[in-house]
Structures are given as C-alpha cells and as structure tokens.
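Working notes, beginning with the structure itself.
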Amino acid sequence: FIELCDELTHQDEKVFEDLFRRLGLSVDWSLLYTTIETRSRRVSQRAFLHNLARGEAYTQEAPTLWDVDFQTAVAQAELEDRERPGAYHQVAFARTDGGGDVVIDTTRPVLIAACVALVAHPDDERYQPLFGSTVRTPLYGVEVPILAHPLAQPDKGTGIAMICTFGDLTDVLWWRELNLPTRPIIDRNGRIVATPPTGLDSTEGRAAYALIAGAKINPAQTTVVESLRETGALIGEPRPIVHPVKFYEKGDRPLEIVTSRQWYIRNGGRDADLRSSLLARGQQLAWHPDHMRHRYSNWVEGLNGDWLISRQRFFGVPVPVWYPLNDAGEPDYESPIVPNEASLPIDPSTDVPPGYAPEQRDRPGGFMGDPDVMDTWATSSLSPQIAGRWGDDDELFSRVFPMDVRPQGHDIIRTWLFSTVVRAHFEHDSLPWTNTTLSGWILDPDRKKMSKSKGNVVTPMDLFDNFGSDAVRYWAACARPGVDTAFSEEQMKVGRKLAMKLLNASKFVLGFPMPAAGATATHAIDLAMLGRIAATAREATDAFEEFDYARALERTESAFWWFCDDYVELVKGRAYGSQGDEAASSALAAMRIALSALQRLFAPFMPFTTEAVWRWWNEGSIHVQSWPNADELAAFAGTESAPTEALLAVSSDILGQIRRAKTEAKTSQKTSVALARLRCDAQTRGMFESVRSDITEAGSVQEWEIIDESAGSAALVDVELAPTT
RNA sequence: GGGCGAUUAGCUCAGUCGGCUAGAGCGCCACGUUCACACCGUGGAGGUCGUGGGUUCGAGCCCCGCAUCGCCCACCA
C-alpha cells in the first residue's frame, strides 16, 4: 500500500512540475523536496525527538475528536462546522429525594446512557436548591449528581444540561473540571459499545441498554426516543432545529469523542506563557496584507488544547519511538525508547530499537513500536528546515534561515503558517521567515468558492492551452494580495492582448535602424518620456518591495500603453527621419532605452513574451538581467521634474484636441489640418515649441497660428480641416 | 456572540499624504482600414463613491453609528 502511495505521489509530482513549468515559475528544480522522501522524514523525526527531549511533545490518554469513518483522531485545526438538522428532546430525570422531575433539553438522547451529571449555572436560582442532590437517568436508572458550573447557560434549553462522556467538547471540559467518572458508550466505529458502562447496574437499566447495544448511532437514537416516549420520560414531541455540528473537514459523519492515547505538541492551547510567546511571534512577522495578522491572533487566542499530531493511518511519517513491554506485555508509555539521530529516518514497525533483538517485538519484556504516524502538518511545519537542509548542511541552513517569505493561502494560516511558527519557535527560538504573503481564493464567476463537489473547478492546463501562460499569469497578477478573485476569462483576454501589444511594439521599435553608437536622447519630449518610464520603474520597485505585485503590474501596464499610444504615435514621424538624422537619433535612442526598461518591468508577469522579445535584440535571458532602476536611468537625471510632466501634458492636450476635432468631423485621423489656431499663455507656448514639429507631423498640421493669452489660460486649439479629396 | 474585510460606472476593480473637475479595463455608442498592431486606433456616453451623523477651508479617504455581503473564530444541552 505504501509503495502504491509512493508511486502515485511521484506521478502527481510530475503533473505538478509540468504545470509549474508551463506556468513559468522560476523554480530551481534541483532543490526539489517532497515531504515523504527520506530526507524530509529524517528532519520530521529529528525535530519531533527534539520536541520530545525538551518536553514540548508528549503522549497522553485523553478524550479526542474522532472520525469514525477515517478511523483516526483529528486536530482542532482540521475541524469545520456544518449546519445539520437535529431536534430538541425534553427529557425528565427523577429526583432521588422524591421531589419530582428535573427536565433537561438534549439533541442527543442516545447519550443518556453516557450521562454522568447534570449541570446548571451557579447563579441560576431555579436550580440552586438542587445543587448537591442527585437524580436518576431515565431508562437506565443511574444516579447522577446535579452540579454547578459557570459555563452552563441559563437561557439555553431548560437551563440545565446533561453531561455525557462525551457528547461535545464542553462535556470534556466539565468532565475534567468537575472530576466526573467516565461512561463511554460510543466506540471507534461509531457504534454503541456492547457492554453497558460502569454504574449502569440495575436489571431494568441493563435491559434498556441491551436495546441499543451494538447499534449504529442513528438507529440507537430512534430506539431511545421510543423508549423515552413509552416510559413517559419524553415531555412533548421533539422540536426540530438546525444546528452546527463539528465535522472533520474531509469527513462525512459528525465527529465523536473517544478516549485514546495520542501524541501532542504544545502550542499554547494549555499554557498562557507559551501562548503569549506565540502571539508575540505573530506580531513580529510582517504580514501582507497586514490585516491577516488578526486571523493568527484570533486562532491562537481560541486554542482549547495542544496540537494533536498523531494519526491512526497507514501512510505518513511514523512516530519514531518504541515502548518497553513489561512482563505482562503491557507498554510503558511514560518511557518511550528513542532511536539514535544518526539512524533516522526509522519505522518502528520494522526497525528494532537499540539494545533489543527483532524476536523481542511485541513480546513480554520486549518492545513494541508506536503504531501511529504524524499528521502531514507535523512535517510540513518544517518546510523551511527541510528546504534549508537543516541537520544535513548546517552551513547552508545558517545562511538561509530564517527565510525571507512564506507565500500561502489565507485558509491555512491556522495550520501551515501557525504550525511552522510553533516549530521554529521551539527549535530555533526564532520566526521561520520575516514576511508572509497571503493569497486569496479563486472564486468561480458567480463568486462561489471552487470545489470538486460543486463541479465548478477549472484546470490550469486548459487555461494555458486556451489563453497562453502569460495571459493566465496576467489575470492572476491582477488579484491583489489577500483578496479573493473571481475567475475571469475576460481578464485573460486582456492579458493576451497586452502580450500581443508587447510583441508588436517591440517589433516596431526594433524595426527602425539602430541609432549610431553613443547616440542618446536629447529632445525634450524624449527625455520627458524617459523620465516617466523612470518614475514607473521606481513605482513598480516600491510596490514589489511591499509585495504588491498587482500594483507593480498596473503601473507598468499603464505606462506601457501610454508609451505606445501617445509617445510613439507622437515621435514616429521623426523616428522615420522626417526631421533629419540628429532628430531621429534622439527618438530612436529614447525608444530603445524605454523598450528595454519596459520589457524587463514586464518580465515577472509575462516571462514567455518578454523572453521572446528580449532575445530579438539581446544575448541571454531577460530573466537574469538587472531590474530597471533609478541608477540605470540616471543618464536622464532631472527629467522626472514637474516641467517634464507639464510638457507631456501640454503635448497630449494639444494633440488630443486635434484628434477630437477630426473625430467630431467624423473623418479619418490622417486628414490634414489646413490651419491650427492655438490660443495659449507664454509658458504653454514655450513648451509647445519644443514639441511643435512632432505634433505637426502626428496631427498632419499644415499651418499653425499662435495667439497669445494671459497667463493661466487653458490651451485651446481651433482646427480648420483641409478638404478631403 | 467576538474579530477581520468589502461596499466607487452595467461588470471587474484602482484611487498612496484629506486637495477630485472621482479614474482604468471590459462592455456599450460613434467614427476610422493609419506605412507595429483590427488580438488595432480616435473620441463619447455612463457615478448624488452603501447609509445617517461628525471633524475640516475642503471628505471617496479621517471619527462615531447603522445596513448589506463575505471570511475567520466561538457556538452541538
């Protein structure tokens, strides 16, 4: 079975790797690790043994949430609530002093046989006189005390509840705090146990119990309700309700609570000091987006027990201990035998502990292996240690740990993120990483969470086939960190158009003759354009520093479309040589400098398109080039000043007015302008003169007439179109 | 019940330090085949920024309340 699991895992790994490669993730595949490989098992077991040696891991026999189908204990972090139909049943318990009945409300009358006490709030005057007295359970006749506990809610049901071992986590808490006996009646298969619990001794009681012994829970409940009705203990009829019930997140039936021996790692659920240390770790961590830190605090503050790491499954990293067996063949759980670290990883079901012989397995005076495996998070919580080769290459580990960033979904803050913090806190007295980024979910177009059961999932490979990897990446990159995003083919089409535009724009710019060696941008408008690209590079860099990739993309995209639609349209006549070689040279140099920066700014988002266009005119991959920055564009120092932006504004304003006139005249943009009459102030005129020849060409203006206006006046252009032929 | 987030154009979303005459893309309308690109271009219509108060010379933004939606946590009598 384990071999088949391994095989399937490798097949799945291949599928994922193909997917990630197709997506263009810049992963160093030589550093691949899997959580079930030898090295990971070694790290997992070593960390566990360290936890054990320091007292951070311990084993305990205790009531545990149990999935009767998966046949395993589950941890608090794996729970989810589901709304389920149920019914309140009012049931009478007879007072032993003959003073009448005490009526409780319960949704699970099947558990009356497991009842060990009734409980009400200490301030509840209705029940105060009864505290310390006893009642008999209906059907079974077991005498149980009436006790007081502040967690009992006077306004819930009749205000007095029955405590069963165990119906819910509150029962466990009451049982522990009130020192109550145990009367378990549900076994690990979800059936009523065959023999009645201790204390259920009367002949009538045993007869009543025999009716449900061995039955599944739901039929047993039906039987109990019938019996209650016959004996008159059921008051009125059950009142249907819908209430939340705890499920294992992968399970199909409600969780039960059974007593079993399990391994735990301390996580602050039972220790206020540890809890505040772990809360402090959450405060030290840089969260992106920041508000996600509240989910961490919320979770840590709400923990009600330590982290249950053992699972009763066949496939997983084994708990690496054995237990000595006494002469009666009983294990001593308090003195586990641990392996030498050098021998890790081990499997206690086949490996023999130091000092023992194989024949001594499961024999009195010999040993037994721990039968459990560790939960997947117990290994995944060590991913920085595994990736950093902790214990195998400590020099490497010291250089990469703590790591810079953990990216993950916000739904696994309570599992992956938190458990990783716990392990690093214990092992290294440190955070595992400096930053964490939380991505949102992809929702279907109707904003519902995608899930296999709803059948609304899409597979990435189909998207890559239909839209191209860069287009899919574009859509994904538009989703801001931590924000859920609806699946959108429209957005992928936009990404595809952008990639196409980058191909075309690159082809166009590179199709011009090479500027002469040493040529650079000299014209004011060219320098102004480069100033804007430099500003864009700075904005994108700042955004990336804050992990806001969506903003970096948005700024770059916006600058790129402006570059294509406004700047290139404005200067392309000059670039073709209409104003002489020197004027052309400035435009050609500027366009190439801008194109280089823009291609690199887009590289993280559209790795395939940018790699293609980069190699048209460069050696080597774009993905190992330096990031465009202010230093690189320092050759154009001073071009980011306000007059630069003003110049760009004036030029697009004047050209825009000419274009609008042509649009309003419902004529082609290439229609000549016989006379353009520009009214503007002196400052605007000055700027206009520096771009006049470009605007003249771009707007096909035959003649200008400049009319001076007072300072501060908006520029106005009257356009007289030449007759079309 | 506790916490967090969202609410801006028909849709999806930006809006950074309180200066906004509120933007983008898609969609829609009109025009245009222009020598990189019709997977294109030019222009246009479309918003009392969820709501009620407050602070301020000035509020989409800050403060208080409310509503709606979503998520996290608690909630099985």
Side-chain angles (χ1 to χ4, degrees), chain A residues 76 79 81-84 86 88-91 104-109 111 115 118-120 151-153 156-164 167-171 174 241 243-246 254-255 289 291-304 410-411 413-414 440-441 443 445 447 449 471 475 478-480 482-486 488 490-491 493-494 496-512 539 542-543 546 548 550-551 554-555 557-558 561 564-565 568-569 572-573 576 655-656 658-671 700:
Chain A
Q76 186 181 355
L79 305 185
D81 287 346
R82 295 183 199 161
E83 293 288 328
R84 281 296 147 117
Y88 278 123
H89 301 72
Q90 272 200 357
V91 179
I104 60 113
D105 250 322
T106 179
T107 56
R108 300 194 72 186
L111 289 176
C115 177
L118 301 189
V119 65
L151 222 59
Q153 295 176 31
K156 209 163 182 180
T158 59
I160 186 164
M162 69 170 181
I163 303 173
C164 307
D168 62 31
L169 292 173
T170 316
D171 282 341
W174 278 326
I241 54 159
H243 61 162
V245 179
K246 285 206 188 308
L255 290 167
H291 70 255
M292 287 291 176
R293 67 173 67 251
H294 298 291
R295 298 203 183 184
Y296 176 96
S297 309
N298 226 323
W299 175 251
V300 178
E301 284 161 3
L303 287 169
N304 55 29
H410 59 63
D411 52 331
I413 289 173
R414 65 180 184 171
W441 281 332
L443 307 175
R447 301 202 70 81
K449 192 182 175 186
W475 157 72
C478 287
R480 306 189 99 78
V483 179
D484 294 347
T485 302
S488 166
E490 289 308 310
Q491 203 64 6
K493 288 178 186 166
V494 173
R496 190 172 171 78
K497 276 166 55 177
L498 176 62
M500 201 66 72
K501 188 75 175 179
L502 184 58
L503 286 167
N504 279 315
S506 297
K507 185 176 77 180
F508 182 60
V509 169
L510 298 174
F512 284 102
E539 281 183 295
D542 290 347
E546 296 299 315
D548 194 351
R551 180 176 183 78
E554 185 221 337
R555 303 310 305 160
E557 185 184 8
S558 164
W561 282 104
C564 293
D565 293 345
V568 173
E569 289 300 324
K572 69 187 192 183
Y576 275 121
L655 186 55
I658 294 170
R659 284 169 170 170
R660 196 171 304 120
K662 293 179 183 177
T663 297
E664 279 165 8
K666 297 186 188 296
T667 184
S668 163
Q669 288 295 322
K670 69 180 176 183
T671 303
S700 304

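Every chain is numbered from 1 and lettered A, B, ... according to where its sequence line falls, protein lines coming before strand lines.
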Problem - Residues in side chain to side chain contact (heavy atoms under 4.5 Å, CB included) contact with A:S700, at least two apart in sequence or another chain - result: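 Side chain to side chain contact (heavy atoms under 4.5 Å, CB included) list for A:S700, sorted by chain: A:K662, A:S672.
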Over all strands shown, is [X] touching base, sugar-phosphate only, or nothing at heavy-atom distances under 4.0 angstrom?
| X | value |
| --- | --- |
| A:D411 | nothing |
| A:C478 | nothing |
| A:R108 | nothing |
| A:K156 | base |

Protein and nucleotides 3-11 of chain B: nitrogen or oxygen contacts under 3.5 angstrom:
none

Handout entry: OP1 or OP2 of B:C13 under 4.0 Å from side-chain N/O of A:R480
Key =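 No, A:R480 has no side-chain N/O under 4.0 Å of OP1/OP2 on B:C13.
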I'd like to check the salt bridge (charged side-chain N to carboxylate O under 4.0 Å, His left out) partners of [X]; sequence neighbours left out, ordered by chain and number.
| X | answer |
| --- | --- |
| A:D548 | A:R480 |
| A:E664 | none |
| A:E554 | none |
| A:R659 | none |

Problem - Contacts of type ring pair (Phe, Tyr, Trp, His ring centres under 6.0 Å), residue A:F512, not counting sequence neighbours - result: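 Once residues adjacent in sequence are excluded, the partners of A:F512 under the ring pair (Phe, Tyr, Trp, His ring centres under 6.0 Å) criterion are A:F508, A:Y576.
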Exercise for the section: Applying ring pair (Phe, Tyr, Trp, His ring centres under 6.0 Å), name anything that partners A:W441, two or more places apart in sequence or on another chain. Expected result: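 Once residues adjacent in sequence are excluded, the partners of A:W441 under the ring pair (Phe, Tyr, Trp, His ring centres under 6.0 Å) criterion are A:H410.
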Problem - side-chain hydrogen bond (donor to acceptor under 3.5 Å, both in side chains) partners for A:W475, two or more places apart - result: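 Checked A:W475 against side-chain hydrogen bond (donor to acceptor under 3.5 Å, both in side chains); zero matches.
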Handout entry: Summary of salt bridge (Lys or Arg N to Asp or Glu O under 4.0 Å) pairs that have at least one residue in residues 291-302 of chain A, sequence neighbours excluded
Key =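 Every salt bridge (Lys or Arg N to Asp or Glu O under 4.0 Å) pair that includes a residue of residues 291-302 of chain A, provided the two are not neighbours, is A:D290-A:R293.
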Exercise for the section: For nucleotides 19-33 of chain B, just jot down a letter per nucleotide in 5' to 3' order: B, S or -, based on protein non-hydrogen atoms under 4.0 Å. Expected result: ------SS---SSS-
Handout entry: Secondary-structure stems for RNA chain B, with pairs counted as Watson-Crick or G-U when both distances are under 3.5 Å and runs at least 3 long
Key =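 So the stems come out as B:1-7 with B:67-73, B:10-13 with B:23-26, B:28-32 with B:40-44, B:50-54 with B:62-66.
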Exercise for the section: To the nearest Å, give me how far apart CD (A:Q76) and P (B:C72) are. Expected result: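 That distance rounds to 15 Å.
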Practice task
Mark yes or no for whether A:D171, through its side chain, and A:D168, through its backbone, hold a donor-acceptor pair below 3.5 Å.
Solution key: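 A pair under 3.5 Å: yes.
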Handout entry: No-H, no-angle donor-acceptor pair, A:K501 side chain to B:C37 base, under 3.5 Å
Key =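 Looking at the base of B:C37, it does pair with a donor or acceptor on the side chain of A:K501 (distance under 3.5 Å).
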Handout entry: Syn-anti status, with the boundary at 90° from 0, for the nucleotide B:C17
Key =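 Nucleotide B:C17 adopts syn.
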Exercise for the section: Provide the distance between the two P atoms, one in B:C62 and one in B:G18, to the nearest whole Å. Expected result: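 So the two P atoms sit 8 Å from each other.
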